[in-house]
Amino acid sequence: MNRPFSPTRVVVTGGAGYIGSHVVLALGEAGYDVLTYDNLSTGNRDAILSGELVVGDLADRDHLTRVLTEFNPAAVLHFAASIEVGESVTDPLKYYRNNSANALNLLEALRSSGTGKMIFSSTAAVYGNPVQLPVTEDAPLQPINPYGASKMMTERFLADLARANTDFRYVALRYFNVAGADPEARLGQDYANPTHLITRALKTALGIFPKLQVFGTDYPTADGTCIRDYIHVADLAQAHLDALNYLTAGHSSTVFNCGYGHGFSVSDVVAVAKKVTGIDFPVEETARREGDPAELIAGCGKIRKQLDWQPRFDDLEVILRTAWEWEKKLMRPSTL
Ligand code: UFG
């Protein structure tokens, strides 16, 4: 039977993944009734700390439509996606299938079920190599890898759909480099083969990887390594709640950058990782990784102003420390 409409009922695709699970927890703590829709291809059932789980694939549009119709959410938060820039270069079709084609399925299911709001996990990768830094939301979208292109296409689907239908509104959040873990270490990143810098560095400190490779030291930056705007996952989760409130209040569709407005180089991150762990782990300088822009820093004035977003963990050491607590906990599964 279809459930009655409630403004606090939401569906989260990819809620068993790293970012999705932090948002599911934050939604639960804020009093939302959450249904996670996830195929568990990379996510973990144990990471869902609030609401219910339906195991399902976005490729299965009929199933998705049934779930949305029965749960009758006020909004969908869409996280489920493939997320590795490097892999997107070698396997582009996987990214266009999972990130673009499946998003189209989701939007069709939303229309069929009458769900009128969506929050979309977009990425700073839509900007490519920005001409101006910090990069603001109105900068041209010129992705330099299939990952960024696949997300840009979905932004376009959303914009066109909202233009054609006044009963549909969305917020696209362009994430910069999401890192860190729940400050109470209830959640964190837990992938079979992590590729992100901070996770690789900490797992190297733990001896899981023999060395950390630094991909490129000849970029046009002060120390030659790439610069990124690292944002704590708990602050990003709060941005989703703020975006949901924004749509519930009746505001119009838009896009927000999610970052702190300042960046750190790969070498900076390595130094802080060594400080936080107290371990001088092996580091090897290697060639550039394909698809990496030299520098990405968020212009974050819009989200601070229009969502009144107030980050609490804007500190690289805190990001590393929370991630480190989580990594140590993963090493002791019996205490979970
Ligand atoms: N890096 C290394 N060694 C590693 C891993 C990464 O030197 O073992 C470098 C990368 O070359 C890059 C930087 O660290 O210069 C950050 O790389 P990540 O893989 O941690 O993150 P990306 O910047 O590639 O991508 C992340 C998200 C994307 C998002 C992007 C936006 O995965 O979804 O941030 O800034 F689009």
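Residues take their numbers from the sequence shown, with the count starting at 1. Treat the numbers as computed from the prediction; the structure is a model and nothing was measured.
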Practice problem: Would you please name every residue forming a side chain to side chain contact (heavy atoms under 4.5 Å, CB included) with P130, sequence neighbours left out? | Solution: Y127, L133, V135, L296

Quiz item: Any ring-ring contact (aromatic ring centres under 6.0 Å, His included) pairs touching residues 282-325, not counting sequence neighbours?
Solution: H232-F313

Self-check item: R174 charged N/C atom sitting above F256 aromatic ring, 6.0 Å / 45°
Solution: no

Quiz item: Are L320 and F176 linked, directly or through other ILVMFWY residues, by side chains that come within less than 4.5 angstrom of each other?
Solution: no

Quiz prompt | Qualifying side-chain hydrogen bond (donor to acceptor under 3.5 Å, both in side chains) pairs with a residue from residues 241-253, counting only residues at least two apart or across chains | solution = Q238-D242

Practice problem: Using modelled atom types only, decide if a donor and an acceptor are shared between the side chain of R169 and the backbone of A162 within a distance under 3.5 Å. | Solution: no

Quiz prompt | Pairing residues for A159 by the side chain to side chain contact (heavy atoms under 4.5 Å, CB included) criterion, not counting sequence neighbours | solution = R163, Y170

Practice problem: Report the residues that fulfil side chain to side chain contact (heavy atoms under 4.5 Å, CB included) with T69, sequence neighbours left out, ordered by chain and then residue number. | Solution: N2, T65, S113

Practice problem: Report the C-alpha distance between V10 and L27 in whole Å, list the side-chain angles of each, state the deciding distance to 0.1 Å, and finish with yes or no for side-chain contact (heavy atoms from CB on, under 4.5 Å). | Solution: CA-CA 9 Å; V10 292; L27 287 164; 4.0 Å; yes

Quiz item: Hey, quick one: are L236 and L197 part of the same hydrophobic cluster, counting side-chain heavy atoms closer than 4.5 Å, chains of contacts allowed?
Solution: yes

Quiz item: For the hydrophobic clusters of this structure (ILVMFWY residues joined by side-chain heavy atoms under 4.5 Å, transitively), does one cluster hold both I198 and V283?
Solution: yes

Self-check item: Chi angles and distances behind the side-chain contact (heavy atoms from CB on, under 4.5 Å) call for D229, N177
Solution: CA-CA 6 Å; D229 187 336; N177 284 60; 5.8 Å; no

Self-check item: For N72, side chain to side chain contact (heavy atoms under 4.5 Å, CB included) partners two or more places apart
Solution: F5

Quiz item: How are the rings of Y260 and H262 set to each other: parallel, tilted or perpendicular (split at 30° and 60°)?
Solution: parallel

Practice problem: Measure the SG-CD1 distance between C258 and I303 for me, rounded to the nearest 0.5 Å. | Solution: 4.0 Å

Practice problem: Check whether the ring centres of Y175 and H240 lie less than 6.0 Å apart, and answer yes or no. | Solution: yes

Quiz item: Can we say R111 and E108 salt-bridge, meaning some charged N sits less than 4.0 Å from an Asp/Glu carboxylate O?
Solution: no

Quiz item: side chain to side chain contact (heavy atoms under 4.5 Å, CB included) with M118: which of L106, L77, L247, T13?
Solution: L106

Practice problem: Please round to the nearest 0.5 Å and tell me the distance separating atom SG of C226 and atom CZ of F264. | Solution: 15.5 Å

Self-check item: Salt-bridge present (E70, R3; N to O < 4.0 Å)
Solution: no

